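Reading through the structure tokens given below for one structure.
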Amino acid sequence: MPNPTENWSELSPRQAIELQKQMASQVILQDDLPEVTTVAGVDVGFENRDTARAAIVVLRLTDLEPLDYAIARLPVTMPYIPGLLSFRECPVILEALAELRVQPDLLLCDGQGIAHPRRLGVASHTGILTGLPTIGVGKSRLTGNHGPVPEEKGAWVPLKDQEEVIGAVLRTRVGVKPLYISPGHRISLPTAIRYVMACVTRYRLPETTRWADGVASARGQRWLEQLRYLPGR
């Protein structure tokens with residue numbers, strides 16, 4: 001199967017923007033999910049200016065116990081350009097997904113879905129490339145505006161760009177900063193919020209993001225130690 005990202009290194013910024021606009025028109029913002037029994041978090045970091053690393057951890061939805069994980073590394077083929085970060089992240093995400101033994105029913109990405117100036121953040125971009133239902137779980141706002149978020153757990157307010165609702169600003173825990181949730185692909189905003197909250201325990205971040213971030217970070221060895229006894233590892 002041809003790799004849809006293999007020619008991205010040849011794209012100019014203008015061409016990448018045009019491709020974003022074309023792909024954004026393919027995003028599905030209605031619920032089109034299978035029965036969700038497995039959820040996964042993905043986090044991408046950069047070991048240096050030349051190497052991207054993606055970590056994906058698949059969890060069972062009912063108890064948020066890990067079932068599988070993968071770590072992939074690839075050379076970076078596009079320089080950092082604001083608004084085009086997914087062109088740096090998606091190739092290594094696809095590489096990590098291909099290494100999983102347990103495929104997720106729903107993927108929660110550390111980044112934006114449609115809460116992006118051209119409505120194609122990394123979650124939407126990944127969803128279009130893979131066909132997976134995806135959610136953007138951002139720690140900070142990329143675009144849009146919102147009012148104050150109530151303090152209670154699970155409260156949220158719309159994130160808007162002009163008059164268009166592009167996501168939700170969600171309080172996952174009392175007394176902590178909210179998260180920026182947006183549909184990626186094949187999911188509606190209310191359903192995206194519901195699944196994010198289903199993955200939240202006592203921390204600000206959902207367990208999907210916590211696991212992926214932990215494995216991808218400098219603290220990864222401690223997290224990997226907890227995964228070493230998974231079947232097949």
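Any value given below was found using the heavy atoms of this structure, including those in side chains, with hydrogens, waters and symmetry copies removed. Remember, predicted model here, so these are calculated numbers, not experimental data.
At least one side-chain heavy atom of Leu205 sits under 4.5 Å from a side-chain heavy atom of Lys139. You'll find the side chain of Asp50 stays beyond 4.5 Å of the side chain of Val76, heavy atoms only. Side-chain contact between Pro148 and Val157 is absent, with no heavy atoms from C-beta onward closer than 4.5 Å. Using a 4.5 Å cut-off on side-chain heavy atoms (C-beta onward), Val200 and Lys153 make contact.
Between the CE atom in Met78 and the CG atom in Leu11 there is a gap of 5.0 Å [rounded to 0.5 Å]. The line from CD1 of Ile93 to NE2 of His125 is 10.0 Å long, rounded to the nearest 0.5 Å. The structure places CG of Leu170 at 10.5 Å from CZ of Arg204, a figure rounded to the nearest 0.5 Å. The CG atom of Leu108 sits 12.5 Å away from atom CG of Asp43, with the distance rounded to the nearest 0.5 Å. Distance CG/Leu106 to CD1/Ile187: 5.0 Å, rounded to 0.5 Å.
Environment of NZ in Lys177: sparse, with no more than 12 heavy atoms of neighbouring residues, nucleotides or ligands closer than 6.0 Å. The environment of CD in Glu152 is crowded: more than 12 heavy-atom neighbours from other residues, nucleotides or ligands sit within 6.0 Å.
Listed by first and then second residue, the salt bridge (Lys or Arg N to Asp or Glu O under 4.0 Å) pairs that reach into residues 126-138 come to none, sequence neighbours excluded.
Listed for the His185 side chain is no donor-acceptor partner under 3.5 Å among the backbone atoms of Ala123. A donor-acceptor contact shorter than 3.5 Å links the side chain of Arg53 to the backbone of Ala216. Using modelled atom types, one side-chain atom of Gln112 and one backbone atom of Ser140 make a donor-acceptor pair closer than 3.5 Å. For the pair Ser182 (side chain) and Gly167 (backbone), a donor-acceptor distance under 3.5 Å is absent. For Arg186 (side chain) and Asp32 (main-chain N/O), a donor-acceptor pair under 3.5 Å exists by modelled atom type. Within the 3.5 Å criterion, the main-chain N or O of Pro158 finds no donor-acceptor partner in the side chain of His146. Side-chain atoms of Ser25 come within 3.5 Å of backbone atoms of Gln22 as a donor-acceptor pair (strictly under, hydrogens ignored).
If you chain together hydrophobic residues whose side chains sit under 4.5 Å apart, Leu19 and Leu94 fall into the same group. Residues Ile193 and Val174 are members of separate hydrophobic clusters, defined by side-chain heavy-atom contacts under 4.5 angstrom among Ile, Leu, Val, Met, Phe, Trp and Tyr. Val149 and Ile166 fall within the same hydrophobic cluster, defined by Ile, Leu, Val, Met, Phe, Trp and Tyr side-chain heavy atoms under 4.5 Å apart, directly or through other members. Under the 4.5 Å side-chain contact rule for hydrophobic residues, Val165 and Leu142 do not share a cluster. Taking hydrophobic clusters as Ile, Leu, Val, Met, Phe, Trp and Tyr residues chained together by side-chain heavy-atom distances below 4.5 Å, Tyr203 does not share a cluster with Leu179.
Between the side chains of Thr209 and Asp110, no donor-acceptor pair of N or O atoms lies under 3.5 Å.
Using a cutoff of 4.0 Å between basic side-chain nitrogens and carboxylate oxygens, Glu151 and Arg171 are scored as salt-bridged.
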Verify side-chain hydrogen bond (donor to acceptor under 3.5 Å, both in side chains) between Thr37 and Asp105, making sure each step is shown before the conclusion.
CA-CA 7 Å; Thr37 61; Asp105 298 316; 3.0 Å; yes
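In this structure Asp161 satisfies the salt bridge (Lys or Arg N to Asp or Glu O under 4.0 Å) test together with Arg119, sequence neighbours excluded.
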